[in-house]
Enquirer: 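Once you've had a glance at the structure underneath, I'll fire off some questions.
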Protein chains: 2
Amino acid sequence: MDLKRKISIAVIRRLPRYYRYLSDLLKLDITRISSKELAARMDITASQIRQDLNCFGGFGQQGYGYNVELLFNEIGKILGVDSGFNTIIIGAGNMGQALANYGNFEKRGFRLVGIFDVNPQIVGKRIKDIQIMHFDSIDEFIKNNRVDIAILTIPYNATPAVAEKMARLGIKGLWNFSPMDLKLPYDVIIENVHLSDSLMVLGYKLNQKYRRQA
Amino acid sequence: MDLKRKISIAVIRRLPRYYRYLSDLLKLDITRISSKELAARMDITASQIRQDLNCFGGFGQQGYGYNVELLFNEIGKILGVDSGFNTIIIGAGNMGQALANYGNFEKRGFRLVGIFDVNPQIVGKRIKDIQIMHFDSIDEFIKNNRVDIAILTIPYNATPAVAEKMARLGIKGLWNFSPMDLKLPYDVIIENVHLSDSLMVLGYKLNQKYRRQA
DNA sequence: TAGATTGTTAATCGATTAACAATC
DNA sequence: TAGATTGTTAATCGATTAACAATC
């Protein structure tokens, strides 16, 4: 994983997709694949695959292609699936619970270590072995436990203040589900999920296709 | 909205973001804004804003800038927030319920008209005035109601078959939450949401910054 | 009017694709 | 070995940024 030059975010965002396709190939007991065939499956060019992978190293072999398991593991390493990130969920509403129950994150290196909410009706309940704690106890919790990432599934208006609090408590990464672009005067890394943006793009495409503008 | 040339998907995907920022400006009672100032707020270039907007028409005025409300409405029209898309949710687990309860979609032109599940424990319950129906009754429902978009919040393995069924029933758009790239031999428009991809990118960035590779 | 800012063309930059020598 | 396919350089394409005349 040399750092000769900065790897573009476009490449990074494709890595999880490669990871998914390689995972599928593994499940199909396919042990080797050429960039050409993988490209066909993924609907991209073989050139792009080879360029992308060579940002991180030469994982293939001339005349042979790529060993699926090896490549899967290498991309996993690049993405840090063996990093064991400790995460907490702030906001145990439907979205928070959905994410808490989603088993895939664990497989990808994200361990859920705490869930917080302000609603006394919810505090104390268990989700996946984890008892929901009151948000008031979060300072204490973070003091006593390593927490890398806070997942924010809280109401829109609460988000900026809670995010700032997380940053001040030393959290390194925020995964934000409120429809806003979080920006903080701390060097915390933020990844925003914009669900309604995605839905609106779908709406746009439908209108384009069916000219159903109201 | 002339169609002189195809508008790139990169531009389209920025539109909801413009829409959000303009909505914020409206709430702040700001009535006009220059591309320069909006650019500063959004952390992009003024050039990009003017280029993007001029794909759809000249909404500004030399020497003045853009009228916030007018621009907001125009982008809304482009995105079809007044199209009144009828949507159904398939899968009333936590994710399905989270989306059902999320008020923002309605504001953006997406009306929820049905929720379906296969779990008899859940069928019959109400979410937001809508009684959860059994998935078996979906053919009937779609026959009797216009449904534009199906939101798929169902288990991974169930997704391809359900998606195909939706396409065969004439649904025009699918919003898929399973971590796979849905592809169907129908001309249905699909928008995939890849939550774990987003989380993995966050993980990558954290590793880059803190060199904490396990 | 003078100043500001757009709409739009031209220049630049970066990302994608093509090509091919290296090599398994 | 011959065939296949990579890694990598070069060419192309598209997207972003800069510049500026038009004009409010």
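Keep in mind that what you see is a predicted model, and the values were worked out from it rather than measured. Order of the sequence lines fixes the chain letters, A, B, ..., with proteins taken first and strands second; residue numbering starts at 1 for each chain.
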Enquirer: At 4.0 Å (heavy atoms only), tell me whether B:S47 reaches a base, stays on the sugar-phosphate, or touches nothing.
Expert: base

Enquirer: Between atom CD1 in B:I49 and atom C1' in C:dT6, what is the gap in whole Å?
Expert: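 The answer, rounded to whole Å, is 12 Å.
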
Enquirer: Name the pairs: protein N/O against N/O of nucleotides 9-12 of chain C, kept only if under 3.5 Å.
Expert:
from  : atom 1 : to    : atom 2 : distance (Å)
C:dT9 : O4     : B:Q51 : NE2    : 2.7

Enquirer: Figure out the CD/P separation between A:E37 and D:dT6, and round it to whole Å.
Expert: 11 Å

Enquirer: Taking the six-membered ring where the residue is Trp, are the ring centres of A:F72 and A:Y18 under 6.0 Å apart?
Expert: no

Enquirer: Which stems, defined as runs of 3 or more consecutive Watson-Crick or G-U wobble pairs with both pairing distances under 3.5 Å, involve DNA chain C?
Expert: C:3-24 with D:3-24

Enquirer: Using a 3.5 Å distance criterion without hydrogens, assess whether the side chain of A:S35 forms a donor-acceptor pair with backbone atoms of A:R50.
Expert: no

Enquirer: Should A:S35 be listed as having a side-chain N or O under 4.0 Å from OP1 or OP2 of D:dT5?
Expert: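 No, A:S35 has no side-chain N/O under 4.0 Å of OP1/OP2 on D:dT5.
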
Enquirer: In this structure, how many angstroms lie between the P atom of C:dT6 and the CG atom of B:D52, rounded?
Expert: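 Going from B:D52 (CG) to C:dT6 (P), I get 14 Å.
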
Enquirer: Using a strict threshold of under 4.0 Å (side-chain N to carboxylate O), is an ion pair present between A:K172 and A:D187?
Expert: no

Enquirer: Tell me the interatomic distance from B:N54, atom CG, to D:dT16, atom C1', rounded to whole angstroms.
Expert: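 My rounded result for the distance is 15 Å.
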
Enquirer: Looking at B:I9, B:V11, B:L15, which hits side chain to side chain contact (heavy atoms under 4.5 Å, CB included) with B:R13?
Expert: B:I9

Enquirer: Given 3.5 Å as the limit, does a donor-acceptor pair link the side chain of A:T159 with the main chain of A:P155, or not?
Expert: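 Present.
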
Enquirer: Between B:Y156 and A:K27, is there a cation-pi geometry (under 6.0 Å to ring centre, at most 45° from the normal)?
Expert: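 A:K27 over B:Y156 ring: yes.
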
Enquirer: Between B:V11 and A:G58, which has a closest nucleotide on DNA chain D that is more 5'?
Expert: A:G58

Enquirer: Evaluate the ring planes of B:F56 and A:Y204, with Trp represented by its six-membered ring, and classify them as parallel (under 30°), tilted (30 to 60°) or perpendicular (over 60°).
Expert: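 Perpendicular: the ring planes of B:F56 and A:Y204 meet at over 60°.
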
Enquirer: Rounded to the nearest angstrom, tell me the gap between atom CE in A:M42 and atom C1' in C:dT16.
Expert: 15 Å

Enquirer: Roughly how many Å is it from CD1 in B:I12 to P in D:dA15, rounded to a whole number?
Expert: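 My rounded result for the distance is 11 Å.
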
Enquirer: Is the distance between the ring centroids of B:Y66 and B:F59 under 6.0 Å?
Expert: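 That pair fails the under 6.0 Å test.
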
Enquirer: Expressed as a whole number of angstroms, how long is the span from A:R50:CZ to C:dA19:P?
Expert: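 Spelled out: CZ on A:R50 to P on C:dA19 is 12 Å.
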
Enquirer: Counting only heavy atoms and a strict 4.0 angstrom limit, can you tell me which residues of residues 60-73 of chain B come near DNA chain D?
Expert: B:Q61, B:Q62, B:G63

Enquirer: Of all the choices, D:dT16, D:dT17, C:dT16, which nucleotide is nearest to the side chain of B:A10 once you look at every atom?
Expert: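 Of all the options, the side chain of B:A10 is nearest to D:dT16.
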
Enquirer: Separation of A:I33 atom CD1 from D:dT6 atom C1', in whole Å?
Expert: 14 Å

Enquirer: Answer yes or no on whether A:R41 is positioned over the face of A:Y21, meaning its NZ or CZ is under 6.0 Å from the six-membered ring centre and within 45° of the axis.
Expert: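 Because its charged atom misses either the 6.0 Å distance or the 45° angle limit, A:R41 does not stack over A:Y21.
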
Enquirer: Less than 4.0 Å between a side-chain N and a carboxylate O, is that true for B:R146 and B:D148?
Expert: yes

Enquirer: Would you say B:R14 reaches D:dT16's phosphate, i.e. side-chain N/O to OP1/OP2 under 4.0 Å?
Expert: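 Answer is yes, contact under 4.0 Å.
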
Enquirer: Using 30° and 60° as the class boundaries, would you call the ring planes of A:F85 and A:F110 parallel, tilted or perpendicular?
Expert: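 The arrangement is parallel - the two ring planes meet at less than 30°.
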
Enquirer: Among A:I149, A:T87, A:N86, which residue meets the side chain to side chain contact (heavy atoms under 4.5 Å, CB included) test with A:R111?
Expert: A:N86

